[in-house]
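Read through the structure below, which is laid out as structure tokens, and then see the notes.
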There are 2 protein chains.
Amino acid sequence: MKLLVVEDEIALQRSIVSYLTDMDYICEAATSFSEALMKSSVHEYDCILVDITLPGGSGLDLIRELKQQHKESGLIIISAKDSLDDRLHGLNLGADDYLTKPFHLSELNARIKALLRRKYFNGMQTIDVEEITIDPSRSAVTVHGNEINLTKSEYRLLLYFVTNRERVLSKESIAEHIGGDQSDMLDNLDFIYSHIKNLRKKVLDAGGTDYVKAVYGMGYKFSTV
Amino acid sequence: MKLLVVEDEIALQRSIVSYLTDMDYICEAATSFSEALMKSSVHEYDCILVDITLPGGSGLDLIRELKQQHKESGLIIISAKDSLDDRLHGLNLGADDYLTKPFHLSELNARIKALLRRKYFNGMQTIDVEEITIDPSRSAVTVHGNEINLTKSEYRLLLYFVTNRERVLSKESIAEHIGGDQSDMLDNLDFIYSHIKNLRKKVLDAGGTDYVKAVYGMGYKFSTV
DNA sequence: CTAGATTTTGAAAAAATCCTGAAAATCAGC
DNA sequence: GCTGATTTTCAGGATTTTTTCAAAATCTAG
């Protein structure tokens, strides 16, 4: 399996490449958009990792280009940004998964493995967490294969959770990711409770497990471990 | 943690330095443009506070210089002006945060804390001290690999300790770091005893060592030597 | 060694947070 | 404009954490 790592922070790039090489992947690296495009036009990669916070142009454009050039390559976004728009945008442009910095290399490895398995075994572009599957292109969610009906807020909430697994997410940041654009509504975050309650209920009613754990005083964590 | 305070109003400079020293930061001060550049070229500071209304040259130029000189230092602008332009300008030149006069010292402290946290903990995978491992991205703490469950205050306390190893931390500064946001006047610091007791107990129960040493009459020191 | 100050400890009061159910407000489609 | 769905607010009770308090243990100065 051959990978391309597009990352301008040399230290991070090195540690990623080193780790993935140890995992028996064949790795190449690029530090800029142009280099990434050039390399990907010559070689065929099973999976491309892209840091969309790369300087010198929007990373999202690179994703569009890469996806056009190499429809077969899996695409994983690495981002320092914490913005829902960027993620949805990236996923809509055809990325298969994404990872928010900082991340564990083992987590990256797991994502790559999952992506390659999906890519080569069923070709579905979905985010899978245990019995929950999210299809961002359709904004559809299934539990044990049965589709459940989520409201927009619940869907955003779930997406924010599953893309930040095992992390403690503050109610403030959750509110931002549900609310969309309004950033100065710090007065009352109680509506979070309702959305979490409703999401939990729908997942449980569909026979799923409640992975949403409250972390007292800190927020919530979507934990499958 | 080492800070440089660039402020020409002596009274304000004194009160800032005095307060931040109480918070157990190591502080140095500069009263002019040239002094700031000189000091910053000799020492490496974790964070530099700049009053951009400094006489003898535009403070924004100083920011540009400082940022060129020391890309690693965090940079917080202090200004009497309340203009959006100045703020944007400063941030565009590479400042990390911005504070408008007059401000509460506790507010300044909060900004510094947040900046240092971003600077040092984002991108860092874990903080390891002997058998204790802290994963800031997950707010998780393990002792000998076993996760222990800390409350918010205990977690903040531990984080403050491990990032200031071998230094005596006053009860006042510890209280500040636990309290987080509201920080006016803390008449009674006894609650620290409870948090320290609980943190010690949880670490010991997990088979760890108690590195929290009381320094009679001075405060506490997290010492592994 | 003693006296006074400081730290430790346990327990109880106070405060904060989370969960739930239901009502009020808002939004979207017709 | 109406109607149903969605979002937000609100109040209670349950739970957890934080803070207070007082007694016991420990420490330092003199």
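First the proteins, then the strands, lettered A, B, ... as listed; each starts at 1.
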Which whole-number value in Å describes the distance from [X] [atom1] to [N] [atom2]?
| X | N | atom1 | atom2 | result |
| --- | --- | --- | --- | --- |
| Leu189(A) | dC10(D) | CG | P | 13 Å |
| Ile192(B) | dT20(D) | CD1 | C1' | 14 Å |
| Ile178(B) | dT18(D) | CD1 | C1' | 10 Å |
| Asp190(A) | dT7(D) | CG | C1' | 13 Å |
| Asn188(B) | dA15(C) | CG | C1' | 15 Å |
| Phe191(B) | dA16(C) | CZ | P | 13 Å |
| Lys152(B) | dT16(D) | NZ | P | 16 Å |
| Ile174(A) | dT7(D) | CD1 | P | 15 Å |

Check your understanding: Is there a donor-acceptor contact under 3.5 Å linking the side chains of Glu131(A) and Thr209(A)?
Key ->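 Present: a donor and an acceptor within the cut-off.
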
Review point. Do Tyr160(B) and Lys113(B) have a side chain donor and acceptor closer than 3.5 Å?
Key: no

Check your understanding: Using 30° and 60° as the class limits, which term best fits the ring planes of Tyr211(A) and Phe222(A): parallel, tilted or perpendicular?
Key -> tilted

**Study point:** Parallel, tilted or perpendicular: ring planes of Tyr25(B) versus His177(B), cut at 30 and 60 degrees
**Key:**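 Tilted.
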
Exercise for review: Could you tell me whether Asp46(B) and Lys2(B) have a side-chain N and a carboxylate O separated by less than 4.0 Å?
Suggested key: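 Judged by the 4.0 Å cut-off on N to carboxylate O distance, Asp46(B) and Lys2(B) do not form a salt bridge.
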
Point to revise | From CA spacing to verdict: side-chain hydrogen bond (donor to acceptor under 3.5 Å, both in side chains), Glu147(A), Thr142(A) | key: CA-CA 4 Å; Glu147(A) 190 157 331; Thr142(A) 64; over 6 Å; no

Exercise for review: Check step by step if side-chain hydrogen bond (donor to acceptor under 3.5 Å, both in side chains) holds for Ser170(B) and Ser173(B).
Suggested key: CA-CA 5 Å; Ser170(B) 69; Ser173(B) 72; 3.3 Å; yes

Practice item. Apply the side-chain contact (heavy atoms from CB on, under 4.5 Å) test between Lys202(A) and each candidate in Thr151(A), Val141(A), Val143(A); give the one that qualifies. Key: Thr151(A)

Review point. How far does the helix from dC1(C)-dG30(D) to dC30(C)-dG1(D) bend, going by the axes of its first and last five pairs, to the nearest 10°?
Key: 60°

Check your understanding: Are OP1 or OP2 of dT18(D) and a side-chain N or O of Ser153(B) less than 4.0 angstrom apart?
Key ->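 Yes, such a contact exists.
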
Check your understanding: Are the side chain of Lys213(B) and the backbone N or O of Ser223(B) linked by a donor-acceptor pair below 3.5 Å?
Key ->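 Side chain of Lys213(B) to backbone of Ser223(B), a donor-acceptor pair under 3.5 Å: yes, one is there.
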
Check your understanding: Which residues, if any, of residues 193-219 of chain A bring a heavy atom under 4.0 Å of DNA chain D?
Key -> Ser194(A), His195(A), Tyr216(A)

